[in-house]
Amino acid sequence: MLLLHWQDPFDGNLLWEPPGGGIEEGETPFESARRELVEETGLDPSAIIDSAVGVYRDVKWNGKRFVGTEPFYLARYADEAPELSRLGLLEHELRDLRGHAWLSPDMLAALTDQVDPPSLPAVIAQLAPDSPWSTSDSVST
């Protein structure tokens, strides 16, 4: 699983989360997921599977609280950890992004900074029932 490591510009807190972002006017959630994946990672958006899981989120970022359900999608690549590009990042994203990691269930459980959403292992297990995430001890809801 790919997670991006961000530092909140408001309070300096560190956060791990999957690539994603807001839906622009006229976009469907699926189109937004494809656009955000390219912008934040440079990865091929055609790898995203058009089947979402709704995930409740309650997260603070840049002094604002975001609460609501967001669609999460799965992308699968032939390479285990494809190389990322920062070319599509906006100036503030370049400043706030600390790095990324391709993580196994055990590696996710070992992270010390906040992971959002906290139910991420269960979300991945639901999106990819044939993956190591579906049999991981870290899967919880």
Side-chain angles (χ1 to χ4, degrees), residues 1-134 136-141:
M1 169 181 53
L2 172 64
L3 292 182
L4 303 179
H5 196 208
W6 299 95
Q7 183 169 21
D8 189 321
F10 181 74
D11 58 18
N13 287 334
L14 296 170
L15 170 74
W16 290 97
E17 69 176 353
I23 298 174
E24 294 182 357
E25 187 173 332
E27 275 185 327
T28 66
F30 181 65
E31 292 167 337
S32 174
R34 294 181 76 165
R35 176 185 50 77
E36 288 285 352
L37 182 67
V38 172
E39 289 176 2
E40 291 188 352
T41 69
L43 293 173
D44 180 2
S46 68
I48 296 178
I49 299 164
D50 191 4
S51 178
V53 169
V55 178
Y56 178 78
R57 301 207 51 202
D58 184 350
V59 65
K60 290 181 183 176
W61 182 259
N62 202 16
K64 297 178 185 163
R65 184 175 178 202
F66 299 90
V67 179
T69 300
E70 292 182 30
F72 273 57
Y73 295 88
L74 177 71
R76 288 201 160 162
Y77 296 95
D79 294 337
E80 189 171 306
E83 190 171 324
L84 304 189
S85 168
R86 290 183 168 218
L87 293 177
L89 292 173
L90 301 172
E91 185 177 328
H92 69 91
E93 292 171 325
L94 284 168
R95 181 190 65 233
D96 300 335
L97 183 61
R98 294 293 169 248
H100 73 279
W102 290 95
L103 302 166
S104 67
D106 291 340
M107 295 165 72
L108 178 67
L111 293 177
T112 57
D113 295 328
Q114 177 184 346
V115 175
D116 197 79
S119 63
L120 193 53
V123 172
I124 296 170
Q126 189 174 354
L127 287 167
D130 60 337
S131 75
W133 296 90
S134 64
S136 168
D137 290 336
S138 65
V139 173
S140 62
T141 55

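Just so we're clear, the structure is a prediction, and the values are computed from it rather than from any experiment.
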For residues 78-95, please give each side-chain donor-acceptor pair under 3.5 Å, one per line with the distance, not counting sequence neighbours.
from : atom 1 : to  : atom 2 : distance (Å)
S85  : OG     : L87 : N      : 3.1
E93  : OE1    : L90 : N      : 2.8

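- A heavy-atom distance below 4.5 Å is not found between the side chains of P117 and E17.
- Look at D130 and R76 and you find a salt bridge, because one of the NZ, NE, NH1 or NH2 atoms lies within 4.0 Å of a carboxylate O, short of that distance.
- Between the side chain of E36 and the backbone N or O of P19, no donor-acceptor pair lies under 3.5 Å.
- In plain terms, the two heavy atoms of L37 and D44 that are nearest each other are CD2-O, 3.9 Å.
- In this structure the side chain of Q114 never reaches within 4.5 angstrom of the side chain of N13, judged on heavy atoms.
- Between R35 and E39 there is a salt bridge, with a side-chain nitrogen of the basic residue lying less than 4.0 Å from a carboxylate oxygen of the acidic one.
- S119 places none of its side-chain heavy atoms less than 4.5 Å from the side chain of Y56.
- Counting only distance, with no hydrogens or angles, the side chain of S131 and the backbone of A125 share no donor-acceptor pair below 3.5 Å.
- Side-chain contact check for D96 versus W61: some heavy-atom pair is nearer than 4.5 Å.
- No side-chain heavy atom of L74 sits under 4.5 Å from any side-chain heavy atom of I48.
- Taking the six-membered ring where the residue is Trp, H5 and W16 present parallel rings, their angle staying beneath 30° rather than reaching 60°.
- With Y77 contributing its side chain and A47 its backbone, the two residues share no donor-acceptor pair below 3.5 Å.
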